[in-house]
Structures are given as structure tokens and as C-alpha cells.
Amino acid sequence: MATSPLLKSFIKCISIITGVLSILLPERCTGISKIPPYPQNPYIIKMEIPIPKDSAGGLIVADIDKDGRMDYLVTLKGYIACYNWSGEKMWTKQADIQVSTSSESEGLPGHHGPGIQAGDIDEDGKVEVLYLTQDGYLNVLNGSDGNLEWRANPGIPEGAEKWEHLALVNLRGKGDRDIVLQATNKDGYRMGRFVYAFSLDALKDGNFEPLWKTNDFLACAHNGCRVADLNGDGKDEIISGCIIAPDGKELYRIPDLDGHLDSVFMGDVCPELPGIEVVTLEEGANRVFLFNTNSKIWSNDYLKQEPQNAAVGNFDLNRNGLEIWCRSRYDTNQKPWVFDSEGNVIAHYELSEKAPEDWTEKGIEVIYPIYWEGSDRQLICAKERHESGDVAVIDPITGEFIVRFPEKADRIYVADVAGDWREEIVVLAGNELHIYQNENPNPNPKKERLWKSQVYRRMKMVHNYYSP
């Protein structure tokens, strides 16, 4: 039966009203399905910050204003900007924030490391923003207006220059009321071997005695420690080439490392095993390691090629567990390969044979797994390497470029910011954020948001270029 013009007009009006409500009101209030939630694609947020001149600083998202939407925190040398979900400025601040372009020479957090955390650290229903300054102080701001609440300098380990990297954690089962600080050695090739854990309440009161400390952390060469609850007990482990328990006890350390580690990731790679596994990449013997809190599960290489960068995700729904995509190190014509959950190579190809003709021969960088389609299959998202270039969504198994966004991307970040559990691509281009969303109807609109996963929240808060 044909639809009457009057009914068509009514449906169009309802659609417009629904779209407006989905923008103005949080999802929990309206219950309205949002396709798409932003009125433009990309949605552009213009910020009052300088244009990035180097690779220092990055971005995270968090629900700063507690309206059910994710807001944006962007850092650069000397600046912090906080903008809400709709693009309104909450606050900007000139601050000597600890960000760096090279962890090996300048210290952490390294390329694209945001150097900032956000959370309700005193459980008063309000979000605080935390960061380190170049003088080594921990600074705690009121998330709603950016005003300083308190700051502390607990003193640095002997052999370090200053505190350089921070991660908000739950070590005592009391919520996000603890923090881990990390520092590199001030002389020589800098590695984040100093890791100290503190109670935030104690720091605020001037008590600088750590909960625990280690001066022998097996760190990645290019980025700081990551954190997550690996065994499901509600408390965080501290993760890199070793795993530190919430009480400071070392649970596991890679025993036969040859060279150094480039990056670290977490995921349920082997669902038949309890807990979450850790993936690390080695430069030297060029191996990929998979391990958990108990032991090494496997290590393997592919033709002795250096993996350098990776993405871990459910890239093949017909296989058990997660797959590990490795980019390779080649300066041009990268040759990615993929391990399955048991360490077998299941795919390999030359990226230049798959990329568009005008894509840079240097390949891709800053590679995130992404839930783009609305299915359980993940793809990868990356930008053009070594330039402010385009962004693409790629099938990691075949190398097919599924969608390409013409851009001048300085940073990219992938997260569920729209609210329908699929992930969006957040691009920092100059002093603007460009948010790309999949406009196709979501085949699983009622699926739980990814933010319900503690591991997901931690990974999106502590990351950098090498460990997105």
C-alpha cells in the first residue's frame, strides 16, 4: 500500500524531533535510538588551542559533566582543553603539562601520549582531572571548570628526573582512589623502570609514603605502563613486560627478552583461559609474546620480521578468541601479518597492494581495533604514516580499505562516543576535532556500551602512539 503524502510528512516530522531530542538529552533520559547521534558527519568541534607542532600530547574521552555523554580532553605542550559532547567549551587551561615527543630522550608519556586522567577520585559524584607538570607535581582539577583543587609532589626515586606518567587505578578495592606514577632514568636510554603506587587521599593530606614501589619495572621502551583488572577481582594490575599485582607483588615477567619491548595490549585472546591476556611486541628477536598473570602462553615470530605495531581484536569470527595483527617495521611497503589466538600465522600481505594508489607508500600508523559495523567483527582504523594525512577503516585479515576519510589528521582516537556501542573515529586536525560515525543503521542497537568493560575504560585512558 502506498504511503500518503500526509503520513510521509508526519513521519518526517517525528524523525526530525527524535533526532533533535537525541542530541539535546542523554540516552538514559530519552531511551531514543540515535542514528546518527551527531547532526553532521564528521561532527566538527573547533577548539581554542594552538595547532600541534610536534607529536607531544593526545586526547581521551570521559563523561566529565555526568550527562551520560563522553566529553573530550585534549592536551598539547602548554595546553589542556576540555569540550563537552556537543562541542561547547567547558574550559581551556595553559599548563606546563608533562607530555613528550620521545620517551627515550625526553621521558614519558611519549608520542601522542595524552598525559591526563579523569575520574571521580573521592566518590562525591563529580569528576576530577589529573595530570603531571614538568616540575613533577601531580595536579588535580575540578573537571567541570578546570580550577585547581590540590597538588602534590611525593618526591622522585633516586636516578629519576621527575614523575612523567600517571594512571588512575583501583588497588585497594575502594574505587579509583589510587594512582600509579612512573619515571624513567634521567641518564642514558630512558626506560620507565620506576613505578610507585599511592593513595590519592594520602597524597592530598600530604602523606607521600607509597603503597608500594619498584625500581625494576620491565617497561616498554616507547610508552608508559598500562593498567587493567586482568583476573576479574575488581582491582588493577600494572602491565608491561611484567605484571604487578595490586599489592605490588610481581606476578609474571618475560624471562628471555632480547632487546626491548615496543608496545603492550590487553584482551581476552584465549577465552578458554581465565582472565585477560597481555600481548607485547619485542624489538630484537622480533617476537610477539602472549602471557597472563601466571605464565607465558606462547611467543612466536614471522620470518624474524619486527612486528613494531599491532592491533588485537576479533578480526575473524570463524576462529576462536582474538587475533593479533602486526604491522611490520618497513619504512615503505609495509608487510603486515596476523596471528591467531594460538600463535599461528593466518594471513600476510603487502599493504601497498591493498591501499589506494594515492595513499602514502610509508603505510599506516596509530592503529586501533574498531567496532565499526555493528557486528562482533572488529576492523582496524589508522592514519597515513608520517604526515597529517587521511584516515581509513581497514579489514586486517585481507588488507582491504573499506572506507577512507580525506583528512589532515595529526592524532586519531577510536572510542564509543556516540552511545550505540559501535565506535567512532575522533581526529585531531590542527585545532579541530572531527568525529566520524557509521551512519548505517546499527544491527545491534540494544547491545551494552563498550564502556561497561573495565579493561576498555582503562585502555582508552592510558595509551599512546605505540600502544593505542
Side-chain angles (χ1 to χ4, degrees), residues 55-58 75 97-117 130-138 153-169 171 178-198 210-228 236-246 248 250-254 257 259-266 278-284 289 291 308-309 458-459 461-468:
S55 64
T75 63
I97 184 170
Q98 173 63 34
V99 290
S100 63
T101 60
S102 169
S103 59
E104 304 95 310
S105 59
E106 299 178 16
L108 300 168
H111 299 295
H112 298 197
I116 199 163
Q117 300 281 278
L130 303 87
Y131 63 94
L132 295 165
T133 41
Q134 297 285 346
D135 57 8
Y137 273 82
L138 172 67
N153 187 346
I156 59 173
E158 184 178 355
E161 182 181 43
K162 58 189 172 183
W163 294 117
E164 302 160 1
H165 177 67
L166 76 168
L168 194 61
V169 286
L171 299 178
D178 306 311
I179 197 159
V180 168
L181 301 182
Q182 187 176 14
T184 60
N185 47 291
K186 63 183 177 181
D187 299 319
Y189 190 91
R190 298 173 75 154
M191 299 279 285
R193 62 187 60 169
F194 306 103
V195 176
Y196 286 29
F198 297 93
L211 297 170
W212 53 261
K213 61 183 180 180
T214 177
N215 296 333
D216 188 32
F217 186 70
L218 182 54
C220 287
H222 309 299
N223 43 261
C225 64
R226 305 193 85 170
V227 298
D236 287 300
E237 282 73 40
I238 316 304
I239 304 153
S240 193
C242 59
I243 299 175
I244 308 295
E250 184 173 280
L251 301 175
Y252 177 77
R253 172 181 291 248
I254 295 174
L257 191 65
H260 65 248
L261 298 174
D262 280 336
S263 52
V264 57
F265 311 89
M266 296 88 74
V278 177
V279 175
T280 57
L281 310 185
E282 178 190 48
E283 180 179 343
F289 291 90
F291 56 94
Q308 195 177 55
N309 296 98
R458 294 300 196 222
M459 289 185 68
M461 193 72 70
V462 182
H463 63 90
N464 78 355
Y465 176 101
Y466 286 91
S467 301

Query raised in the report: Between E283 and D262, what is the shortest heavy-atom contact and its length?
Result: OE1-OD1, 3.3 Å

**Report entry** Closest heavy-atom pair and its distance - M461, P114
**Finding:** O-CG, 4.5 Å

Query - Student check: side-chain heavy atoms of L132 and L181 closer than 4.5 Å - result: yes

Query raised in the report: Is there side-chain contact between F198 and L138, with heavy atoms separated by less than 4.5 Å?
Result: no

Report task. Examine distances only and state if a side-chain atom of E164 and a backbone atom of G107 form a donor-acceptor pair shorter than 3.5 Å. Result -> no

Requested in this report: Please report the closest heavy-atom contact between A183 and A160, naming both atoms and the distance.
Outcome: CB-CB, 3.8 Å

Query raised in the report: Is the backbone of A221 close enough, under 3.5 Å, to the side chain of S103 for a donor and an acceptor to pair up by distance?
Result: yes

Report task. Using side-chain hydrogen bond (donor to acceptor under 3.5 Å, both in side chains) as the criterion, point out the one residue from K162, E106, R190 that pairs with T184. Result -> R190

Query raised in the report: Are V264 and S467 close enough that some pair of their side-chain heavy atoms sits under 4.5 Å apart?
Result: yes

Requested in this report: Measure the shortest side-chain to side-chain distance between M191 and N185 over non-hydrogen atoms and say whether it is less than 4.5 angstrom.
Outcome: yes

Query - Derivation of the side-chain contact (heavy atoms from CB on, under 4.5 Å) call for Q98 and W163 - result: CA-CA 9 Å; Q98 173 63 34; W163 294 117; over 6 Å; no

Query - Residue pair P109 / S100: nearest heavy atoms and the distance that separates them - result: N-OG, 3.5 Å

Report task. Please check if the side chain of Q182 supplies one atom and the backbone of R193 the other of a donor-acceptor pair under 3.5 Å. Result -> no

Report task. Begin with the C-alpha distance, continue with both residues' side-chain angles, and end with the deciding distance and a verdict on side-chain contact (heavy atoms from CB on, under 4.5 Å) for Y252 and V278. Result -> CA-CA 11 Å; Y252 177 77; V278 177; over 6 Å; no

Requested in this report: Identify the heavy atoms of V462 and A167 that sit nearest to each other, and give their distance.
Outcome: CG2-CB, 3.9 Å

**Report entry** CZ-SG distance between F217 and C225, expressed to the nearest 0.5 angstrom
**Finding:** 5.0 Å

Query raised in the report: When rounded to the nearest 0.5 angstrom, what is the spacing between CD1 in I156 and OH in Y196?
Result: 9.5 Å

**Report entry** CZ on F291 to CD1 on I243, rounded to 0.5 Å
**Finding:** 5.0 Å

Query - Rounded distance (nearest 0.5 Å) linking atom CG of L108 with atom SG of C220 - result: 10.0 Å

Query - Considering all heavy atoms, the nearest P468-F265 contact - result: CD-CE2, 3.9 Å

Query raised in the report: Centroid-to-centroid, H260 to H222, below 6.0 Å?
Result: yes

Query raised in the report: Would you find a donor on one side and an acceptor on the other, under 3.5 Å apart, between the side chain of T75 and the backbone of G58?
Result: yes

Query raised in the report: Hey, what do you get for CD (E161) to CZ (F194), rounding to the nearest 0.5 Å?
Result: 11.5 Å

Requested in this report: With the side chain counted from C-beta on, respond yes when N309 and Y466 share a heavy-atom pair under 4.5 Å apart, and no when they do not.
Outcome: yes

Query - Interatomic distance, L166 atom CG to I179 atom CD1 [nearest 0.5 angstrom] - result: 4.5 Å

Query raised in the report: Heavy atoms, side chains only, cut-off 4.5 Å: are R458 and I239 in contact?
Result: no

Report task. Show the numbers, then the answer: is there a side-chain contact (heavy atoms from CB on, under 4.5 Å) between R226 and M459? Result -> CA-CA 7 Å; R226 305 193 85 170; M459 289 185 68; 3.8 Å; yes

Query raised in the report: Passes side-chain contact (heavy atoms from CB on, under 4.5 Å), I254 versus L261? Steps please.
Result: CA-CA 10 Å; I254 295 174; L261 298 174; 4.2 Å; yes

Report task. Give a yes or no answer on whether the side chain of D178 reaches the backbone of L171 with a donor-acceptor pair at less than 3.5 Å. Result -> yes

